[in-house]
Amino acid sequence: MSIAKTYSPKETEDKWYKYWLEKEFFRSIPDEREPYTIVIPPPNVTGVLHMGHMLNNTIQDVLIRRARMQGKNACWVPGTDHASIATEAKVVAMLKEQGIDKKELSREAFLSYAYEWKDKYGGIILKQLEKLGASCDWHRTRFTMEADLSEAVIDTFIHLYKKGLIYRGVRMVNWDPQGKTAVSDEEVIRREVNQKLYYIRYEIKADSGELKAEEKVKGIQLAQDRQSPSVATSGYLTVATTRPETIMADAAICINPNDERYQHLKGKKVFIPLINREIPVIEDEYVDVEFGTGCLKVTPAHDLNDYALGVKHNLPVIDILNNDGTLNELAVILVGEDRFIARKKVAKMLEEVGHLEKVEDYKSQIGFSERTDAAIEPRLSLQWFCKMDEMAKPALEYVLTGEIKLIPEKFINTYRHWMENVKDWCISRQLWWGQQIPAWYFQHEAPVIAKTKAEALEELINRDENRRKMSENGKAGFRKQASEFIRQDEDVLDTWFSSWLWPMSVFDGFKDPNNADINYYYPTNDLVTAPEILFFWVARMIMAGHEFKGQAPFKNVYLTGIVRDKIGRKMSKSLGNSPDPIQLIEKYGADGVRVGMLLCSPAGNDLMFDESYCEQGRNFANKIWNAFRLVNGWEIDQSLPNPNEMAINWFESEFSRALADIESNYKQYRLSEALMGIYKLVWDDYCSWYLEMVKPAYQQPVDPATHAATLNFFERILKLLHPFMPFITEELWHEEVFGPRGEMDCCIVAEYPAPGTVDQQSLKAMEIVKQVISEVRNVRNSKQISPKEALPLQIKANSSTDFKAYLPMIGKLANISEFGFTEEKVPGAAVFMTGTDEFFIPLADNIDVDAERDRLQKEIEYLKGFLRSVEAKLSNERFVQNAKAEVVDNERRKQEDACSKIRILEESLEALA
RNA sequence: GGGAGAUUAGCUCAGCUGGUUCAGAGCAUCUGCCUUACAAGCAGAGGGUCACUGGUUCGAACCCAGUAUCUCCCA
């Protein structure tokens, strides 16, 4: 039966994925085996697969498949995240297209649209993961907003509230004017932006007579124009700001009390230009004398630092912005204008009245919303917060003590720095898509925290003495009445407030804290995620794990790199530099893409992705395919003896040696190195050497022993490859030549090979054989002799190496017609050496004597230089005294070696003359 | 502004405790081959002052200090 010359993945991938599903190989149920568990970092429910997911999930699948083959009960839990801001933004945009404004919808109506959207697009990404070959236990698919998981979120909120770890307060938050919601610090991305620095003049109120002449000289420039009406002034001060539109919200001007230039301003008042509101000059060492003019406008409502300054100096907070970033009535002027338009207009107005001194270009860091990319507005608002410092401490310990390992370790520092400087977590979001905060408001009373309205009503009764004293009838009346007026908090919780429970909630660890699943699978083993969410998510899962389970949620955290394009840019939709993973799979096959991803991705380093890696992966699959075609085509002759014992023994050792390496790389989570180890084992050792050694001559049969050994090696190789290349390995596994397979006898659950013993002798011998073969091929190449032309080879064995045993192998691979042993140099032959042994290939055409002399001389020169450096070391007393004995011995051996080689080469040179 | 890390072949990266694993791998390049498993291939070859400057040491890609450049995190 002939097989196609190239491997075509499409046909096999669907077939085997379906088969695996049918036979429930991905299914995991607790049993007596050791569990191996990974919970997927849940992708956004409405998202589509991008290269980051690709990398991430390939790694998880490699780990899970290997564990499964090692006989562990491997459980990979998939699922999706409701991603409140991102999803809500998409739904709002979709509605807008249909001409529907979110503001006109009720919460219920909006949510029904949102669920409709989720049902339509949700889960696409999980289907895409199947294409990649992800062996998730799909029976366990969870969603962070499904009923059970939401209940867990609400319960933990209540739990933490009761513990005093959740509070409500007015704080500066990062406001996203586009999403119209607060976002956490971690969701703000800072970017350097070209801005303008506006120098604005504030007139100083003349309340203490004329200024002294010396003060004028010192720094105050007298106002040159007097267009501001109303009040008498005595000059002005200048403030530098990037945000002129916020001057209407100014509460003070601050100077550094040590600033020599501004001593005269102490206790003065100034007027805000355009609106002429009077504000005081205050003093604080916070002000940087070097920056701008040294006068700082203090705008507590619109800047975090100013807010702190305002609190310290008891300044009023004047918030002039609406939640969509437009100016409100408090701004007095430009009401209703967008903040950025207002900025330009204010600048122009200031210029018109002569209050704009100058404008400079200026670079500064501005925060942008991760989800909507809108410029973040620091804004004072009433939000819910979760206290972090208490929870951070144990979470830090897990990592510092090594109970949780971060891979690579360099992230420990980053982690520690963050955990030691942790700030409270703003957990409320002004959105509807998410878990609604279980806080209930009744009239002007403090909010009640309760799971349901009914419970909230009971709490209202219980916490008030008068209500408690009411008769049952009275209570019933109260309940009835209050239920009309009681209102639940409109906000929902931050998405991360549900994802931090993920490793527990997917096993129903909250709903049913002692169930078989959570007891068996938790703590999970490895978490594979991006370093970007080390704090968002990983740190908080550790906190939650400790808080709610008293245990770390996982043992190892593998932090992948960011997928960039080959010139180092982050892959993004807007740049259009991100290939569609599904198209890549179609082009190169899932196995090819998986290999391609991992070839270029050392742990923790960003990877410069290029399609050519996938090509390499595809080529590798094809190589395996063709190796199979070769072996598959062999006819067996039962009567033949085994001529390949040496080759078989060698590969047996080589396999074990390579496997030990591969295992050590796996242990260190160096997956790309493990893969490269397998790649070389397959391509170089198995295909290029082993198969070439044992393959019978064209159309000749093979002996049964060689056939069996070769197939056995092949099977073991398929097993090693399977975690990386699940499809092609499964396909080949079921080929007839391997014998009959039961329906459950699949590569996916085949027993992972263990390293055997390594015969160092055999490895060493083969090194010499390989060297001789390469040298002969090299001679052919440089002399332009066809590989088809058989050559004679004369051996002058100066060492104790017994070449006789190797001759058949050398003869076959180097195409040698006849061997001879000689005591003398063979004149007029091509020469090479391995170690101190000399080899001669007598050639029909005479060799170029001059070229040969040059070559020999060069080699002698090199060796002499080498010898000099060795001898320099050996004659250095301090070296001989201080260096380790083995190092010194080594140098002695090098010396002897070099000497004898030089001698032989010099003899050759003489023979030429 | 503070912190972390990086700089090794054209590219992507290994290089552990300083010494034959010491200058390596894969890809790319070049040369020759359509050799009956594979041209998505085979055989062979050429590529590097280990960012720079000093220091420690018998000995430095590796340890130390400084400089330059880059990346990331935090303000």
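To find a chain, count down the sequence lines: A is the first, B the second, and so on, and within it residues start at 1.
Distance CH2 (A:Trp418) to C1' (B:C73): 12 Å, rounded to an integer number of Å. Between the CD1 atom of A:Ile678 and the C1' atom of B:G26 there is a distance of 15 Å, given to the nearest Å. Straight-line distance from the CD atom of A:Glu673 to the P atom of B:G24: 17 Å, rounded to whole Å. Between the OH atom of A:Tyr613 and the P atom of B:C11 there is a distance of 11 Å, rounded to whole Å. Atom CG of A:Asp661 is separated from atom C1' of B:G24 by 14 Å (rounded to the nearest Å). The distance between atom CD1 of A:Ile785 and atom P of B:G32, rounded to the nearest whole Å, is 16 Å. A straight line from CG of A:Leu675 to P of B:C27 spans 12 Å, rounded to a whole angstrom. In this structure, A:Ile533 atom CD1 and B:C73 atom P are separated by 13 Å, rounded to whole Å.
Separating the C1' atom of B:U53 from that of B:U12 is a span of 29 Å, rounded to the nearest Å. Nucleotides B:C30 and B:C70 place their P atoms 33 Å apart, quoted to the nearest Å. Nucleotides B:A40 and B:G47 place their C1' atoms 25 Å apart, quoted to the nearest Å. Separation of the P atoms belonging to B:U7 and B:C16 is 12 Å when rounded to the nearest angstrom. Rounded to the nearest Å, the gap between the C1' atom of B:G24 and that of B:C63 is 22 Å. B:C58 and B:A51 have their P atoms separated by 25 Å, with the value rounded to a whole Å. Here the separation of B:U36 from B:C50, taken at their C1' atoms, is 46 Å to the nearest Å. Taking the P atoms as reference points, B:A25 lies 26 Å from B:A39, given to the whole Å.
Under the side-chain contact (heavy atoms from CB on, under 4.5 Å) criterion, A:His734 pairs with A:Trp16, A:Glu730, A:Arg741, A:Cys746, not counting sequence neighbours. In this structure A:Leu863 satisfies the side-chain contact (heavy atoms from CB on, under 4.5 Å) test together with A:Lys901, A:Ile902, A:Leu905, sequence neighbours excluded. Residues satisfying the salt bridge (Lys or Arg N to Asp or Glu O under 4.0 Å) criterion with A:Lys587, sequence neighbours excluded, are A:Glu611. Every residue two or more places apart in sequence or in another chain that forms a salt bridge (Lys or Arg N to Asp or Glu O under 4.0 Å) with A:Lys695 is listed here: A:Glu692. Partners of A:Glu409 by salt bridge (Lys or Arg N to Asp or Glu O under 4.0 Å), not counting sequence neighbours: none found. Looking at residues two or more places apart in sequence or on another chain, you find no salt bridge (Lys or Arg N to Asp or Glu O under 4.0 Å) involving A:Glu871. Residues meeting the side-chain contact (heavy atoms from CB on, under 4.5 Å) test with A:Glu673, sequence neighbours left out: A:Asn665, A:Arg670. In this view, A:Tyr588 satisfies the ring-ring contact (aromatic ring centres under 6.0 Å, His included) rule with no residue, not counting sequence neighbours. Here A:Phe866 pairs with A:Val870, A:Lys894, A:Ala898 under the side-chain contact (heavy atoms from CB on, under 4.5 Å) rule; sequence neighbours left out.
Phosphate contact (OP1/OP2 of B:U35, side-chain N/O of A:Arg780, threshold under 4.0 Å): absent.
The nucleotide whose nearest atom lies closest to any side-chain atom of A:Lys695 is, among B:A37, B:C74, B:U12, B:A37. Taking the side chain of A:Asn413 as heavy atoms from C-beta on, and the options B:A75, B:C73, B:G5, the nearest nucleotide is B:G5.
A:Asp837 and A:Ser799 form a side-chain donor-acceptor contact under 3.5 Å, judged by distance and modelled atom types alone.
Contact annotation: side chain of A:Lys894 to base of B:U20, donor-acceptor pair present below 3.5 Å.
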Distances under 3.5 Å only, N/O to N/O: pair up the protein atoms with those of nucleotides 57-60 of chain B.
unit_1: B:C58; atom_1: OP1; unit_2: A:Arg878; atom_2: NH1; d: 3.2
unit_1: B:C58; atom_1: O2'; unit_2: A:Asn876; atom_2: ND2; d: 2.9

If pairs are Watson-Crick or G-U with both distances under 3.5 Å, what is the dot-bracket string of RNA chain B, marking crossing pairs with [ ] and pairs to another strand with |?
(((((((..((((.....[....)))).(((((.......))))).....(((((..]....)))))))))))).

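Here B:U21 is in the syn range [glycosidic angle within 90° of 0]. For B:G47, the O4'-C1' to base torsion is within 90° of 0; the nucleotide is therefore syn. Classification of B:U20 as syn follows from a glycosidic angle within 90° of 0.
A:Tyr679 comes within contact range of the sugar-phosphate backbone alone, with a heavy-atom separation under 4.0 Å but no base atom that close.
Of the residues near RNA chain B, A:Lys423 and A:Asp684, the one whose nearest nucleotide (by heavy atom distance) lies more toward the 5' end is A:Asp684. Each of A:Glu891 and A:Lys680 has a nearest nucleotide on RNA chain B; the 5'-most of these lies closest to A:Glu891.
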side-chain hydrogen bond (donor to acceptor under 3.5 Å, both in side chains) evaluation trace for A:Thr706 with A:Asn644:
CA-CA 7 Å; A:Thr706 299; A:Asn644 297 311; 3.1 Å; yes

Ring pair (Phe, Tyr, Trp, His ring centres under 6.0 Å) between A:Phe411 and A:Tyr415, intermediate numbers included
CA-CA 6 Å; A:Phe411 286 107; A:Tyr415 181 83; over 10 Å; no

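Using a 4.0 Å cut-off between charged side-chain N and carboxylate O, A:Lys680 and A:Asp685 make no salt bridge. Between A:Asp897 and A:Arg893, none of the side-chain N atoms (NZ, or NE/NH1/NH2) sits under 4.0 Å from a carboxylate O, so this pair counts as no salt bridge.
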Which nucleotides of nucleotides 39-45 of chain B have their base under 4.0 Å from a protein heavy atom (B), which only their sugar-phosphate (S), and which neither (-), written as one string 5' to 3'?
SBSSBSS

